[in-house]
*Asks:* 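Provided herewith is a single structure, encoded as structure tokens, for subsequent inquiry.
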Amino acid sequence: MKKLFAEFFGTYWLVFGGCGSALFAAGIPDLGIGFVGVSLAFGLTVLTMAYAVGHISGGHFNPAVSFGLWAGGRFSAKELLPYIIAQCVGAIAAAGTLFTIASGKAGFMIDNTKAGAFASNGFGAFSPDGYSMQAAFIAEFVLTLFFLLIILGATDKFANGKFAGIAIGLALTLIHLISIPITNTSVNPARSLSQALFVGGEPLSQVWLFWVAPILGAIVAGLIYKNLLQDNSEA
């Protein structure tokens with residue numbers, strides 16, 4: 001249960017910090033943090049929670065990461081479903097908190113006809129810069145693949161594990177710098193689901209892509225690292 005609570009709180013913090021920065025701080029005139037600030041916020045959530053609870057649960061905070069670690073031989077199949085449930089519940093709880101806070105401002109409403117509403121992900125008309133479904137799928141697949149390669153490499157028994165959280169947090173920052181204009185950046189099915197549930201409409205109907213592409217990318221990364229990159233000699 002401690003592992004599941006760690007995943008709950010870690011994913012909660014990721015969604016609250018990352019999506020919260022996009023909702024509350026990105027667009028403030030003259031003082032807003034913009035794309036760069038939101039990218040950094042997502043990276044910082046993972047970095048901070050990796051050191052806070054990573055030693056308890058492994059610090060996945062993302063169903064795609066759990067699948068990738070499973071494919072790479074680092075995670076048990078029997079733990080996949082409990083981890084994913086804990087991650088999704090944490091993400092939805094965070095989205096609910098964000099919705100409650102946002103509702104405290106006069107005139108707040110979610111316009112589910114606009115790209116990026118309530119920090120949701122999307123493609124086509126719901127991509128921040130109008131990228132197609134194919135482009136969104138490729139971006140989410142490739143970026144999640146490299147995210148998992150970085151995670152697997154940084155946490156390898158031959159790597160300096162003390163710095164793994166920094167590498168992983170910076171990787172997520174870079175991923176957001178690349179792909180916010182394409183999909184508003186997912187690489188995390190729980191993060192996508194939580195926001196889409198509150199937005200509804202077309203963003204919710206598109207959430208399938210933000211489960212399928214990241215999970216496929218993560219599984220491919222796990223297989224690549226396990227079979228092509230991993231050194232199986234004794235440390």
*Asks:* To the nearest 0.5 Å, what is the distance between CD1 (Ile168) and CZ (Phe147)?
*Replies:* 6.5 Å
*Asks:* Report the distance from atom CZ of Phe99 to atom CD of Gln195, rounding to the nearest 0.5 Å.
*Replies:* 11.5 Å
*Asks:* Does any non-hydrogen side-chain atom of Ile219 lie less than 4.5 Å from one of Ile215?
*Replies:* yes
*Asks:* Is the backbone N or O of Ala86 less than 3.5 Å from a side-chain atom of Glu7, with the two atoms forming a donor-acceptor pair by type?
*Replies:* no
*Asks:* Treating Ser57 as the side-chain partner and Gly54 as the backbone partner, does any N or O pair qualify as donor plus acceptor under 3.5 Å?
*Replies:* no
*Asks:* What distance separates Leu47 CG from Leu170 CG, expressed to the nearest 0.5 Å?
*Replies:* 7.0 Å
*Asks:* Any idea which heavy atoms bring Arg191 and Asn184 closest together, and the distance?
*Replies:* NH2-O, 3.4 Å
*Asks:* Membership question, hydrophobic clusters at under 4.5 Å side-chain separation (ILVMFWY): are Tyr131 and Phe126 in the same one?
*Replies:* no
*Asks:* Determine whether Phe118 and Leu197 fall in the same hydrophobic cluster, where Ile, Leu, Val, Met, Phe, Trp and Tyr are linked whenever their side-chain heavy atoms lie under 4.5 Å apart.
*Replies:* yes
*Asks:* Is Leu98 close to Cys19 at the side-chain level, that is, under 4.5 Å between some pair of heavy atoms?
*Replies:* yes
*Asks:* Which residues pass the side-chain contact (heavy atoms from CB on, under 4.5 Å) test with Leu229, not counting sequence neighbours?
*Replies:* Leu149, Ile224, Tyr225
*Asks:* Hydrophobic clusters here meaning ILVMFWY residues chained together by side-chain heavy-atom distances under 4.5 Å, can you tell me if Phe163 and Ile150 are in one?
*Replies:* no
*Asks:* Would you call the rings of Phe123 and Phe210 parallel, tilted or perpendicular, taking 30° and 60° as the class edges?
*Replies:* tilted
*Asks:* Side chains of Thr48 and Trp13: any donor to acceptor distance under 3.5 Å?
*Replies:* yes
*Asks:* Between Phe137 and Leu145, is there a shared hydrophobic cluster once you connect ILVMFWY residues whose side-chain heavy atoms come closer than 4.5 Å?
*Replies:* yes
*Asks:* Assess, by modelled atom type and distance only, whether the side chains of Asn121 and Thr183 contain a donor and an acceptor separated by less than 3.5 Å.
*Replies:* no
*Asks:* Hey, are the side chains of Asp129 and Ile182 touching, using non-hydrogen atoms and a 4.5 Å cut-off?
*Replies:* no
*Asks:* Any heavy-atom pair between the side chains of Gln206 and Met133 that's under 4.5 Å?
*Replies:* no
*Asks:* Got Leu14 and Asn188 here, is their nearest side-chain heavy-atom distance under 4.5 Å?
*Replies:* yes
*Asks:* State which residues pass ring pair (Phe, Tyr, Trp, His ring centres under 6.0 Å) with Phe75; sequence neighbours excluded, sorted by chain then number.
*Replies:* His60, Tyr83
*Asks:* Contact between Lys78 and Leu80 at the side-chain level, heavy atoms closer than 4.5 Å - yes or no?
*Replies:* no
*Asks:* Please check: side-chain N/O of Ser120 versus main-chain N/O of Ala117, any donor-acceptor pairing under 3.5 Å?
*Replies:* yes
*Asks:* Linking I/L/V/M/F/W/Y whenever any side-chain heavy atoms sit under 4.5 Å apart, do Val46 and Leu177 land together?
*Replies:* no
*Asks:* Tell me if the CZ atom of Phe5 is crowded by more than 12 foreign heavy atoms within 6.0 Å.
*Replies:* no
*Asks:* Is any side-chain heavy atom of Thr45 closer than 4.5 Å to a side-chain heavy atom of Phe16?
*Replies:* no
*Asks:* Closest approach of Val187 and Ala64, non-hydrogen atoms and distance?
*Replies:* O-CB, 4.3 Å
*Asks:* Main chain of Phe8, side chain of Thr11: is a donor-acceptor contact present, judged purely on distance under 3.5 Å?
*Replies:* no
*Asks:* Looking only at side-chain N and O atoms, does Thr155 offer a donor or acceptor that is under 3.5 Å from a partner on Arg74?
*Replies:* yes
*Asks:* At what distance, to the nearest 0.5 angstrom, does CG of Leu193 lie from CD of Gln87?
*Replies:* 12.0 Å
*Asks:* Taking all non-hydrogen atoms of both residues into account, name the closest pair between Val38 and Ala26 and its distance.
*Replies:* CG2-CB, 3.8 Å
*Asks:* How long is the straight-line distance from CH2 of Trp211 back to CD1 of Ile84, given to the nearest 0.5 Å?
*Replies:* 6.0 Å
*Asks:* Can you give me the closest heavy-atom contact between Ala154 and Ala159, atom names plus distance?
*Replies:* O-CB, 3.5 Å
*Asks:* How long is the straight-line distance from OG of Ser103 back to CD1 of Ile110, given to the nearest 0.5 Å?
*Replies:* 7.5 Å
*Asks:* Hey, do the aromatic rings of Tyr12 and Phe61 have their centres closer than 6.0 Å?
*Replies:* no
*Asks:* Looking only at heavy atoms, which two atoms of Ile180 and Ser39 are closest? And how far apart?
*Replies:* CD1-OG, 3.5 Å
*Asks:* Does a side-chain heavy-atom distance below 4.5 Å link Pro189 with Asn62?
*Replies:* yes
*Asks:* Could you pull out the closest heavy-atom pair between Ser186 and Ser192, with the gap in Å?
*Replies:* OG-OG, 2.5 Å
*Asks:* Are more than 12 heavy atoms, taken from residues, nucleotides or ligands other than Tyr51, located less than 6.0 Å from that residue's OH atom?
*Replies:* yes
*Asks:* Is a side-chain donor-acceptor pair under 3.5 Å present for Thr185 with Ser179?
*Replies:* yes
